Amino acid sequence: MVDTASRTTKTADETAPATVPAKPARDAVAAPIPAPPASTPEGPRIDVESLGRQLLGTWADIRAEARVRVADPALQRIEGQSKEEHRERVLGQLKILVEHGAVHRAFPKSVGGHDDHGGNIAAFEELVLADPSLQIKSGVQWGLFGAAVLHLGTEFHHETFLPDIMSLKVPGAFAMTETGHGSDVAAIGTTATYDEKKRQFVIDTPFRGAWKDYLGNAAVHGTAAVVFAQLVTKGVNHGVHAFYVPLRNAKGGFLKGIGGEDDGLKGGLNGIDNGRLHFTNVRVPRENLLNRYGSVAEDGTYSSPISSPGRRFFTMLGTLVQGRVSLDGAATAASAAALAIAVTYGNQRRQFNAASETDEEVLLDYQRHQRRLLPKLATTYAQIFAHDEFLVKFDAVFSGKADTDDDRQDLETIAASLKPLSTWHALETLQEAREACGGSGFLAENRLVGLRQDLDVYVTFEGDNNVLLQLVAKRLLTDYSKQFAGADVGAMARYVVTQTAERAYHGTGLRRLGQNIADLGSTARSVSELRDPDTQRSMLTDRVETMVAEIAGRLREARKLSKAEGAALFNRNQNELIEAARAHAELLQWEAFTRGLAKVADPDTKQVLTWVRDLFGLGLIEQHAAWYLMNGRLSPKRAQSVTAYIDRLIERLRPHAQDLVDAFGYGPEHLRAKIASGAEQERQDEARAYYAAKRADGTLPTVEKSKKR
């Protein structure tokens with residue numbers, strides 16, 4: 001952990017970050033020369049310690065404890081290991097987590113857990129700092145395999161299977177995805193047909209596309225799996241259900257009827273043994289059906305507490321939403337770590353002496369460098385605040401505090417909204433941070449390329465991002481149609497989402513549709529108005545609601561069309577649907593940031609964070625300027641003022657950049673990047689001291705000057 005308590009907080013006119021004390025330069029006559037102070041005036045100071053506590057979120061103590069744990073080198077990745085070495089190391093690390101009691105927090109107290117769902121996810125997300133492979137393999141074992149038994153099974157399954165899952169005696173796979181069906185789980189081809197005579201289910205993958213694929217723990221380590229299959233009894237297919245299926249014997253060989261392949265080397269996460277599984281006439285006892293939501297009696301009679309097959313399917317999948325929750329948090333943590341590395345390096349690395357005859361410029365003093373990193377820093381802050389609210393919602397649902405159908409629908413919608421944005425942002429941030437660090441960023445020792453490779457698959461984990469946003473868009477349309485059925489489309493386009501922050505969610509977890517008509521014809525928004533949170537909220541919500549209203553109008557006649565014609569109409573609007581969902585998710589992040597900002601007590605910190613929030617909000621408006629221009633929400637002149645004000649905000653935030661990343665709380669033991677360790681500052685100080693000494697004793701060669709002709 002970073003020792004923020006002992007840090008002297010910088011003023012706004014100190015552009016160089018606090019660093020480790022520089023060692024005396026070798027062979028230099030003079031001591032290292034300190035960086036010259038910038039000429040910016042005195043300004044607000046961030047209380048880094050209190051901001052850092054706030055960023056730890058609702059489960060601050062648990063998250064802090066997890067960070068101490070991941071600082072242990074035994075849990076950290078060793079760069080350059082072979083696939084086989086990496087896999088075995090990560091398996092050994094899971095055993096360390098078990099020994100520390102670090103992975104049982106979400107399980108019931110009856111089997112040795114803590115019934116703490118939010119705290120479990122908070123601790124789990126921090127594993128990404130040690131090694132994303134460790135985080136994901138841990139997630140496969142306890143967040144997918146174990147959680148499926150917990151949430152889809154009954155007390156019998158908990159007592160029978162969970163103890164060995166929790167202790168890692170039974171490493172397991174989560175066998176849902178198929179080669180031929182990824183995000184479309186309802187259409188999987190694997191079948192589980194009930195044999196009444198033997199009181200067993202017969203599991204088959206009848207064709208190659210039905211093979212279970214990309215499964216963690218399947219290639220080598222898994223000895224059992226939760227297999228998702230179409231449940232067939234008495235000739236009726238009752239849809240997708242989950243079954244506990246043993247895979248391997250004590251010697252590691254596949255059991256009768258089971259086969260598989262190793263997925264081999266991947267673009268990242270090679271500490272996980274992903275593989276394929278196929279089943280031919282594999283029999284499991286009737287009791288191995290995880291039957292919380294659907295049971296089969298000995299005579300083959302099917303029953304379920306949920307009569308609707310569709311609702312039953314989505315209820316079962318909804319119990320596994322924690323994967324999306326944790327990916328949102330882990331991706332945000334990776335973005336924060338990347339920015340901590342890049343900003344620290346940018347505050348120490350010097351290049352070109354544009355403003356001085358003797359001193360080169362710090363990279364972060366260049367406007368372009370600030371433009372590359374600071375907007376991404378603002379987005380990361382928005383994601384941190386949004387994720388904590390998301391995690392609170394998740395905990396309320398899974399603890400039973402708020403577990404109605406509406407609450408679960410809210411949670412699923414928020415998960416499908418936020419996970420795409422945070423995982424895409426992580427890839428963009430890691431790439432920009434890598435480039436901002438030049439050749440040093442490309443070295444494996446500085447972690448940016450490794451994190452970029454490992455997080456690549458996060459955008460398709462737990463559902464492809466575009467598919468998830470399409471689900472959000474459908475919910476937006478459903479909510480819209482309920483509120484405004486039969487209303488004129490032109491009138492609907494004038495409605496905006498309620499601007500009252502405390503009325504955050506409605507019904508399906510979407511922003512409440514408002515009853516106020518916005519004056520959309522006015523584009524006279526001054527810079528002072530742009531700073532106003534009500535203006536930002538109005539512009540962001542207006543975009544969401546207008547997009548939804550227009551799409552709803554175009555799709556209104558779909559019900560009267562044939563299935564093929566209706567599908568074609570929907571397909572023609574698919575891209576705009578996804579964009580509307582993305583705009584909705586951006587609004588959720590902005591509002592969470594604004595609520596988090598309201599909780600900041602220190603006035604100086606609040607001022608700086610207000611600039612960060614404004615950078616995020618106005619950055620969204622700048623990013624979507626084409627929409628605002630084409631729809632008459634901004635004049636070209638006003639759009640230019642948005643960009644101009646963003647440049648002013650970035651200039652104001654530049655002196656605070658180091659404090660803003662230091663508040664993330666990552667120490668050298670978490671970042672493990674040499675360019676963020678103070679080594680670059682030592683090199684720069686040594687070089688500057690060398691030239692200063694040469695100038696002082698008159699031995700610095702004279703620079704050749706061009707002759708005038």
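Index from 1, following the sequence. The model shown is predicted, which means the values in this text are computed figures rather than measured ones.
Residue Gly463 comes nearest to Lys419 through the heavy atom pair O-NZ, 2.9 Å, listed as atom of the first residue, atom of the second, then distance.
Partners of Ser440 under the side chain to side chain contact (heavy atoms under 4.5 Å, CB included) rule, at least two apart in sequence or in another chain, are Tyr345, Asn446, Ile675. Checked against side chain to side chain contact (heavy atoms under 4.5 Å, CB included), Ala66 has the following partners two or more places apart in sequence or in another chain: Arg69, Ala123, Glu126. Taking the salt bridge (charged side-chain N to carboxylate O under 4.0 Å, His left out) definition, one finds that Asp61 meets it with nothing, sequence neighbours left out. For Asp456, the side chain to side chain contact (heavy atoms under 4.5 Å, CB included) partners two or more places apart in sequence, or in a different chain, are Leu427, Arg452. Residues that satisfy the salt bridge (charged side-chain N to carboxylate O under 4.0 Å, His left out) test with Arg652, not counting sequence neighbours, are absent from this structure. Under the side chain to side chain contact (heavy atoms under 4.5 Å, CB included) criterion, Arg543 pairs with Met547, Glu579, Ala583, Glu586, His624, Trp627, Tyr628, not counting sequence neighbours.
Judged by distance alone, the side chain of Thr429 and the main-chain N or O of Ala426 form no donor-acceptor pair under 3.5 Å.
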- Verdict with reasoning, Arg475 to Asp479, per side chain to side chain contact (heavy atoms under 4.5 Å, CB included): CA-CA 6 Å; Arg475 295 285 286 278; Asp479 192 64; over 6 Å; no
Going through the distances and angles, do Ile121 and Trp59 end up as a side chain to side chain contact (heavy atoms under 4.5 Å, CB included)? CA-CA 10 Å; Ile121 296 294; Trp59 287 269; over 6 Å; no
Full working for side chain to side chain contact (heavy atoms under 4.5 Å, CB included) between Leu477 and Ile551:
CA-CA 8 Å; Leu477 288 173; Ile551 296 167; 4.3 Å; yes
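Counting only N and O atoms by type, the side chains of Thr594 and Arg537 include no donor and acceptor under 3.5 Å apart. A donor-acceptor contact under 3.5 angstrom links the side chains of Asn465 and Thr423, judged on distance only. Side-chain contact of Asn466 with Arg582: a donor-acceptor pair under 3.5 Å is absent, judged by distance alone. Checked by atom type, the side-chain pair Thr413/Asp410 shows no donor-acceptor distance below 3.5 Å. Under the 3.5 Å distance criterion, with hydrogens and angles disregarded, no donor-acceptor pair is assigned to the side chains of Ser538 and Asp542.
The line from CG of Leu374 to CG of Leu615 is 7.0 Å long, rounded to the nearest 0.5 Å. Atom CG of Asp604 and atom CZ of Arg45 lie 8.0 Å apart (nearest 0.5 Å). The NE2 atom of His387 lies 12.5 Å from the CG atom of Leu55; values are rounded to the nearest 0.5 Å.
Figure legend: Arg408 and Phe398 shown as a cation-pi pair, the cationic atom lying under 6.0 angstrom from the six-membered ring centre and within 45 degrees of its axis.
A ring pair (Phe, Tyr, Trp, His ring centres under 6.0 Å) with Tyr381 holds for exactly one of Phe664, Trp611, Trp590; it is Phe664.
Counted within 6.0 Å of CD on Gln367, heavy atoms from surrounding residues, nucleotides or ligands total 12 or fewer; the atom is thus considered open.
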